[in-house]
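Only one structure is covered here, and it is reproduced in the block below.
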Amino acid sequence: MAEYEAMDPWLIGVPAGIALGLAGVTAYGAVHPRAQLFGHTITATEQARKLAITFDDGPNPAITPKLLGLLDRHKAKATFFLVGKYVRQSPELAKEILVRGHVVGNHTETHPNLFFCGPEETRTELLRCSEAIGQATWEEPRWFRPPFGFRSPWVGSIALTYRMRTVMWSLIPGDWRPKPAEWLIERMKPIAERAQGLPAKGKGRSIAGASHGDILCLHDGDYGKPNADRERTLKALEYWLPRWSDLGLEFVTIGQSLGKAVEG
Ligand SMILES: [Zn+2]
């Protein structure tokens, strides 16, 4: 866990040789959020004003209920990529996420680094998580996010065989790092900066480079320990949600963000 917090998320668990450029193409395809090498991947919403907030590694009884309340207060819908083992521990909470109008996705059963998992193990990880979600919520997840963002050559197609599309992100501010909330608030600033640069609603076409909206990756849980403290994530959202609304951003789930899919 300490290792995960200290390291750049792109490099977690990648052997030094790969991280340093040996088989560089493979490493790029596995870890870069926009890399399309290993299958179709969703990395942005289809309109600049649509912001998809996503949470990984829950459900977390210590944080998720407070987070659901916060999202309700700001009429924000989000997408939660759940870890199967935690869904089994808190099935009611997984169900509650859906009842409140959010979307749940698959984030594997045990949160392994799929870069090192063969096809069989990958299949089992995805299937068991979907089973846990299905038992808790009576819904089958349609979206998949690989732990640590690592993909292997087969993970995208395995997800597709379970009728799930792979979702990465455009912004991952690093809310797992033991830093003050102010640090996290600052790291989330690019969303507001992009929104400020947009033309007024209904006026002209989107400016260059702003034709898509952000998919923000935050964490309401910790894959390494249950009941993790994610108060700083809540604080940062308390700060930004009203400001994002004032800037005209619309909070969408991954499903809502894909009128026209943004993918490779
Ligand atoms: Zn995760």
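In each ligand, atom 1 is the first atom listed, and ligand 1 is the first ligand listed. A quick note: this is a predicted structure, and the numbers were derived from the prediction, not measured.
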- Message: Of all the N, O or S atoms in H111, which has the shortest distance to the Zn ion (ligand 1)?
- Response: NE2

- Note on the structure: Checking distances from the Zn ion (ligand 1), one finds that the N, O or S atom of D57 closest to it is OD1

- Message: Just checking H111 against F148, ring centres under 6.0 Å apart?
- Response: yes

- Message: What I'd like to find out is whether the side chain of L237 reaches to under 4.5 Å of the side chain of L218, using heavy atoms alone.
- Response: yes

- Message: Quick check on the hydrophobic clustering: are F81 and I172 connected, directly or via other members, by side-chain heavy-atom contacts under 4.5 Å?
- Response: yes

- Message: Taking N, O or S atoms only and a limit of 2.8 Å, check whether D56 reaches the Zn ion (ligand 1).
- Response: no

- Message: When you measure from the Zn ion (ligand 1) to the N, O or S atoms of H219, does any of those distances fall below 2.8 Å?
- Response: no

- In plain terms, say whether E231 and K235 are close enough for a salt bridge, that is, a side-chain N and a carboxylate O under 4.0 Å apart. no

